[in-house]
There are 2 protein chains.
Amino acid sequence: MKQTVSAPTHTCRKANDVIALIGDKWTVHIVMLLASGTQRFSDIQRQVDGISRKMLTVTLRGLERDGYVTRTVYATVPPRVDYALTPFGCELVGPLRALGDWAIANQPRVIAARVAYDRRDLAA
Amino acid sequence: MKQTVSAPTHTCRKANDVIALIGDKWTVHIVMLLASGTQRFSDIQRQVDGISRKMLTVTLRGLERDGYVTRTVYATVPPRVDYALTPFGCELVGPLRALGDWAIANQPRVIAARVAYDRRDLAA
DNA sequence: AGTTTAGGTCTCTTTTAGAAACAAAAGGTT
DNA sequence: AACCTTTTGTTTCTAAAAGAGACCTAAACT
């Protein structure tokens, strides 16, 4: 029997692959940061609260690979590496900022919902 | 010495907490699905390609806890459980759909960027 | 009796995230 | 000369999370 993968399913799987990176919590922060201009590695690390060097490297490499950011290495010692959005990356800023702003604006409601849920759970 | 956590940093950490769930690859799919109406557990599982029962349970529970969806259990055998967006969850649909649509529309460009990157990488 | 069904849970294995040590090499300091 | 600092990583090791698959319940059907 042939595989029964419908067209919509196929589209979803591919979109999922894109979303897996752009929806990532670190990615949202980093892209919003870079939206305000070029930054070097250590600048980003300082501004993205709680990220480890490793995860920053991994995330930035992924963003570079997918075409959202450029990585410019200066052959100095100690090294200096600049990250900046590509034009394609700039296009992503709109929808991503919408999500980020929504999250910031509605965070108190989420916290309230959590507290209510956990209290209800406790009572049961 | 006092902790030096600036106000923006504080805001970012809290927003991060919200984004960690709403930006999740499964969440985006599930919320978009529920946007078109109430669905039962097995319906969602069938439509969200590749999700395991466990991850579907975990994700839906998280969405319920944060106030985005309601969970209605019917005491029948075999059981039946309906999931639906709350009014709050409906508010999330806008920004989430924007992101999802962007991902679908631009997926080919991402794939192209990846291929180019990997080829460049290989040549080096 | 035995089978099927829906919505989970439980256990076990594989990935992934995160913390922390190490690298490299030019320039300044002792 | 030997040592320290600086920046951007990489490597290693541990903890947490995701995924695969068996198991559970109990009514209705065969």
Side-chain angles (χ1 to χ4, degrees), chain A residues 3 9 12-13 16-30 33-34 38-66 69-84 117 120-121 124, chain B residues 9 12-13 16-30 33-34 37-66 69-84 117 120-121 124:
Chain A
Q3 274 190 306
T9 297
C12 282
R13 186 157 17 179
N16 221 15
D17 190 39
V18 176
I19 288 172
L21 178 60
I22 66 178
D24 179 79
K25 63 174 176 172
W26 299 128
T27 296
V28 177
H29 270 244
I30 292 169
L33 250 179
L34 292 178
T38 301
Q39 309 248 9
R40 49 192 300 190
F41 188 87
S42 50
D43 290 331
I44 302 172
Q45 196 189 5
R46 205 174 322 104
Q47 292 172 83
V48 178
D49 188 52
I51 197 169
S52 66
R53 266 200 297 284
K54 180 183 152 192
M55 283 314 295
L56 182 52
T57 301
V58 168
T59 305
L60 285 169
R61 284 300 209 292
L63 289 171
E64 187 196 3
R65 183 164 104 105
D66 282 10
V69 313
T70 55
R71 176 169 176 272
T72 312
V73 183
Y74 298 90
T76 59
V77 168
R80 177 211 173 121
V81 181
D82 280 357
Y83 290 91
Y117 183 92
R120 193 162 13 109
D121 212 54
Chain B
T9 297
C12 282
R13 184 156 19 176
N16 222 15
D17 190 38
V18 175
I19 289 173
L21 178 59
I22 66 177
D24 179 79
K25 62 175 175 170
W26 299 128
T27 295
V28 176
H29 269 245
I30 292 169
L33 251 178
L34 292 178
T38 301
Q39 310 248 7
R40 50 193 300 190
F41 189 88
S42 48
D43 289 332
I44 303 173
Q45 197 189 3
R46 204 172 323 106
Q47 293 172 83
V48 178
D49 188 54
I51 196 169
S52 65
R53 267 202 296 286
K54 180 181 152 192
M55 282 317 292
L56 182 52
T57 302
V58 168
T59 307
L60 284 169
R61 284 299 209 291
L63 290 171
E64 189 196 1
R65 184 164 104 106
D66 283 9
V69 313
T70 56
R71 177 169 175 271
T72 312
V73 182
Y74 297 90
T76 59
V77 168
R80 175 208 175 124
V81 182
D82 281 357
Y83 290 91
Y117 183 93
R120 193 163 12 112
D121 212 53

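These numbers come from the heavy atoms of this one structure, side chains and all, not from hydrogens, waters or symmetry mates. Being a predicted model, the structure only gives us computed values, none of them experimental. Chain identifiers are assigned alphabetically (A, B, ...) following the order of the sequence lines, protein sequences preceding nucleic acid strands; residue numbering begins at 1 within each chain.
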Check whether any side-chain N or O of A/Arg40 sits under 4.0 Å from OP1 or OP2 of D/dT8, and answer yes or no.
yes
Within this structure, what is the CZ-to-P distance between B/Phe41 and C/dT5, rounded to whole angstrom?
16 Å
Take A/Asp43 and A/Arg46 through the test side-chain contact (heavy atoms from CB on, under 4.5 Å) and record every step on the way to the result.
CA-CA 5 Å; A/Asp43 290 331; A/Arg46 205 174 322 104; 3.3 Å; yes
Measure from CG on B/Leu60 to C1' on C/dG7 and round the result to the nearest Å.
11 Å
For A/Tyr74, answer base if it contacts any base atom (sugar-phosphate contacts may also be present), sugar-phosphate if it contacts only those atoms, and nothing otherwise; contact means non-hydrogen atoms under 4.0 Å.
nothing
Rounding to an integer number of Å, can you tell me how far A/Leu56 CG sits from C/dA19 P?
13 Å
pair A/Ile51-A/Ile44: side-chain heavy atoms closer than 4.5 Å
no
For C/dA6 and B/Arg46 - does any side-chain N or O of the residue sit under 4.0 Å from the phosphate oxygens OP1/OP2?
no
With side-chain contact (heavy atoms from CB on, under 4.5 Å) as the criterion, how do B/Tyr83 and B/Ile30 come out once you've worked through the C-alpha distance, each side chain's angles and the decisive distance to 0.1 Å?
CA-CA 10 Å; B/Tyr83 290 91; B/Ile30 292 169; over 6 Å; no
Only counting residues at least two apart or in another chain, list the ones meeting salt bridge (charged side-chain N to carboxylate O under 4.0 Å, His left out) with B/Arg71.
none
If I take atom CD in residue B/Glu64 and atom P in nucleotide C/dG7, what distance separates them, rounded to the nearest angstrom?
15 Å
What does nucleotides 13-30 of chain D look like as a protein-contact string, B for base, S for sugar-phosphate only, - for none, at under 4.0 angstrom between heavy atoms?
-----BBB-B---BB---
Where the side chain of B/Ser42 is defined as all heavy atoms beyond and including C-beta, which of D/dG9, D/dT8, C/dA6 is the nearest nucleotide?
C/dA6
To the nearest angstrom, how far is A/Ile44 atom CD1 from D/dT8 atom P?
9 Å
Non-neighbouring partners of B/Arg40 that pass salt bridge (charged side-chain N to carboxylate O under 4.0 Å, His left out), sequence neighbours left out
none
Report the residue from B/Thr70, B/Thr59, B/Val69 that forms a side chain to side chain contact (heavy atoms under 4.5 Å, CB included) with B/Glu64.
B/Val69
If I take atom CZ in residue A/Arg80 and atom C1' in nucleotide C/dA26, what distance separates them, rounded to the nearest angstrom?
17 Å
